Amino acid sequence: MKKRNISFNIHDLNFILTFAGFAIFTSITDSISSVAYRAFALLVAIACLVVEKFRFRQLPTALKVFLCILIVLDLKTTFHLVNENTFIESRNTALLFIYGITLIPVLAFVSGYRKIHWRRMLIILELMLFFVILRGYMTTLYVDDVGRMSLNARQSTLAFGDNSGYLLLLSICLLIYSKKVFEQTRRHIWQFFLIVAIVVAVLGMVRAGSRGPLASALMGSLFIFVAIGVRKQLNIVVLAGIFVVVFGISMQTLERFAPVLYHRMELTVEEQDMSGRDILFAKAIQTIKENPISGSSPIILHYDGSNSYHNGYLDVGVGLGILGFLAYIGLSMWIFMRLLFYRNRINTLVLLFLSSMFFLSATRAMTGAGLLTNANYALIITCACILASNVSRRNEIKGIN
């Protein structure tokens with residue numbers, strides 16, 4: 001009997017910890033030990049950089065541009081925060097997020113992404129996210145007076161919705177490529193599990209009651225549908241039809257099962273309600289007008305924490321001014337067009353999942369995700385830069401397959 005070569009390295013660990021480590025840790029325990037977890041994850045990221053001798057080999061131009069935007073944004077924000085003499089504890093926490101949770105792990109990923117065992121890590125990620133959402137769905141806490149649910153005491157409603165969206169896209173991609181990924185003897189078991197995972201992911205987003213994660217997941221799912229072949233598209237249409245018939249999906253059903261989400265969608269359509277984000281957007285635009293060249297800080301400090309302008313693009317504009325804003329918008333549009341134009345060459349599990357995650361993240365950035373403190377968002381844009389730079393080639397994308 002042939003032995004399997006089960007390999008696992010520190011770059012695999014950094015990827016998993018950055019993407020879903022905190023979610024699964026706080027699903028098990030929400031104690032103060034989460035601080036110890038943050039320290040451990042940071043040490044893993046630093047170890048990755050040390051192992052690679054702080055070298056970043058053969059980076060595509062798009063990735064260099066993105067890293068330049070990210071690092072300059074971090075440095076300028078740090079300069080503004082350091083000169084802020086109020087809310088010292090909130091300032092220090094914000095700096096920890098900027099560097100310890102986002103920038104250093106992302107740089108560690110860039111230094112060794114070619115060494116990640118991608119297919120194996122995505123399967124592990126699938127299992128982790130399934131556990132997180134299922135446990136969160138069964139034990140969630142109401143966090144506000146309208147009934148939205150949080151993932152756990154350490155993570156918000158938005159984290160619940162975002163992780164559900166990640167699980168949905170990954171489950172769909174694994175199901176599409178199940179014949180290539182799983183052994184024939186266990187394939188049907190995995191296919192059944194993935195269908196259950198899709199249902200759990202949808203339930204998670206519905207119970208979270210957040211519109212942004214739901215719309216973002218739909219955008220990522222739409223890209224998957226566009227990217228796959230006609231035969232697979234027909235299969236998805238059939239499965240979706242069965243889902244609609246069996247579960248009786250309708251606005252009436254949604255109103256009964258998820259009244260919070262239904263009410264919030266109704267407010268969006270009828271009253272253009274944006275839960276106060278329109279005010280934040282207006283403030284961001286005003287700040288950009290006041291500091292069009294030098295920029296300001298996209299981090300808003302207050303007595304019990306910090307916040308942003310809830311728009312990843314405006315955050316960059318506030319931090320880097322109009323030129324930085326245009327550079328980031330241009331980069332995002334370039335990635336969008338490249339992945340869409342060369343969608344027929346996105347023909348592996350890893351490429352399809354990471355590409356769909358870009359469309360999810362690009363949409364999510366309009367209502368919340370930001371580069372400074374959202375490691376998943378920064379990580380996905382990093383991957384998208386690599387994919388978009390190489391997707392036109394007929395050979396495999398070196399390092400991500």
Side-chain angles (χ1 to χ4, degrees), residues 7-29 32-60 63-75 77-78 81 91-118 120-122 124-125 128-129 132 154-155 159 162-163 166 299 306 312 350 353-354 357-358 361 369-387 399-400:
S7 55
F8 188 86
N9 61 48
I10 196 167
H11 294 290
D12 294 330
L13 182 58
N14 179 65
F15 172 73
I16 288 295
L17 292 180
T18 303
F19 205 99
F22 189 71
I24 196 165
F25 183 87
T26 52
S27 294
I28 299 171
T29 174
I32 194 64
S33 59
S34 61
V35 177
Y37 165 80
R38 293 292 198 190
F40 172 72
L42 178 58
L43 287 175
V44 169
I46 294 173
C48 289
L49 291 170
V50 172
V51 168
E52 298 302 323
K53 300 179 180 179
F54 295 90
R55 294 177 182 174
F56 305 94
R57 301 176 181 87
Q58 299 177 344
L59 302 184
L63 181 54
K64 292 178 182 178
V65 171
F66 171 68
L67 290 178
C68 181
I69 291 173
L70 178 61
I71 292 172
V72 173
L73 180 62
D74 287 345
L75 292 176
T77 302
T78 301
L81 291 178
R91 181 195 66 186
N92 293 339
T93 301
L95 291 173
L96 172 63
F97 267 83
I98 290 172
Y99 291 99
I101 296 175
T102 303
L103 181 60
I104 294 176
V106 167
L107 291 177
F109 170 82
V110 172
S111 71
Y113 71 87
R114 293 179 178 87
K115 298 181 179 180
I116 293 175
H117 300 89
W118 280 99
R120 190 174 303 139
M121 290 308 102
L122 291 189
I124 292 174
L125 184 63
M128 291 176 66
L129 289 173
V132 166
R154 294 277 174 177
Q155 294 198 68
D162 286 338
N163 282 284
Y166 304 155
I299 298 294
S306 61
V350 181
F353 172 65
L354 294 179
M357 283 294 291
F358 167 75
S361 298
L371 289 177
L372 287 172
T373 58
N374 191 315
N376 285 357
Y377 178 46
L379 196 67
I380 290 303
I381 301 302
T382 299
C383 292
C385 289
I386 298 170
L387 298 182
I400 298 184

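Because the structure is a prediction, the values reported are computed rather than measured.
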Between [Y] and [X], is there a side-chain heavy-atom distance shorter than 4.5 Å?
X    : Y    : answer
E52  : H11  : yes
F19  : M357 : yes
N376 : D162 : no
Q58  : R114 : yes
V132 : Y166 : no
L67  : L59  : yes
F109 : T18  : no

Say whether, by atom type as modelled, one donor and one acceptor occur between the side chain of [X] and the main chain of [Y] under 3.5 angstrom.
X    : Y    : answer
R120 : D12  : no
N14  : V44  : no
S111 : A108 : yes
N9   : K115 : yes
N163 : A159 : yes

- Sequence neighbours excluded - side chain to side chain donor-acceptor pair (under 3.5 Å) pairs with any residue from residues 100-110: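 Of all non-adjacent pairs touching residues 100-110, none passes side chain to side chain donor-acceptor pair (under 3.5 Å).
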- Item | Inter- and intrachain pairs under side chain to side chain donor-acceptor pair (under 3.5 Å), touching residues 63-73, at least two apart |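 Those involving residues 63-73 do not exist here.
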- Task: Can you sort out the partners of F353 under ring pair (Phe, Tyr, Trp, His ring centres under 6.0 Å), two or more places apart, ordered by chain and number?
- Result: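 Once residues adjacent in sequence are excluded, F353 has no partner under the ring pair (Phe, Tyr, Trp, His ring centres under 6.0 Å) criterion.
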[atom1]/[X] to [atom2]/[Y] distance, rounded to the nearest 0.5 angstrom?
X    : Y    : atom1 : atom2 : result
I116 : L122 : CD1   : CG    : 9.5 Å
I104 : C48  : CD1   : SG    : 12.0 Å
T93  : L96  : OG1   : CG    : 7.0 Å
L387 : L63  : CG    : CG    : 10.5 Å
W118 : L354 : CH2   : CG    : 5.0 Å
I381 : F66  : CD1   : CZ    : 6.0 Å

- Item | A20: partners by side-chain contact (heavy atoms from CB on, under 4.5 Å), with sequence neighbours left out |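 A20 satisfies side-chain contact (heavy atoms from CB on, under 4.5 Å) with L125, M128, L129 once adjacent residues are dropped.
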- Message: Once side-chain contact (heavy atoms from CB on, under 4.5 Å) is applied, do any residues pair with D74, and if so which ones, sequence neighbours excluded?
- Response: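 Checked D74 against side-chain contact (heavy atoms from CB on, under 4.5 Å); matches are L70, I98, Y99, L103, L372.
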- Not counting sequence neighbours, which residues clear salt bridge (Lys or Arg N to Asp or Glu O under 4.0 Å) with R55? List them please.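 With neighbours one apart ignored, the set is empty.
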- Is the centre of the Y113 ring less than 6.0 Å from the centre of the F15 ring?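 Not close enough - the centres of the two rings lie 6.0 Å or further apart.
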- Item | Aromatic plane relationship, F22 with Y37 - under 30° parallel, 30 to 60° tilted, over 60° perpendicular |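 Judged by the thresholds at 30° and 60°, the geometry between Y37 and F22 is tilted.
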- Query: Taking all atoms of both residues into account, what is the closest heavy-atom pair of H117 and F8, and its distance?
  - Reply: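 Closest approach of H117 to F8, heavy atoms only: CE1-N, 4.4 Å.
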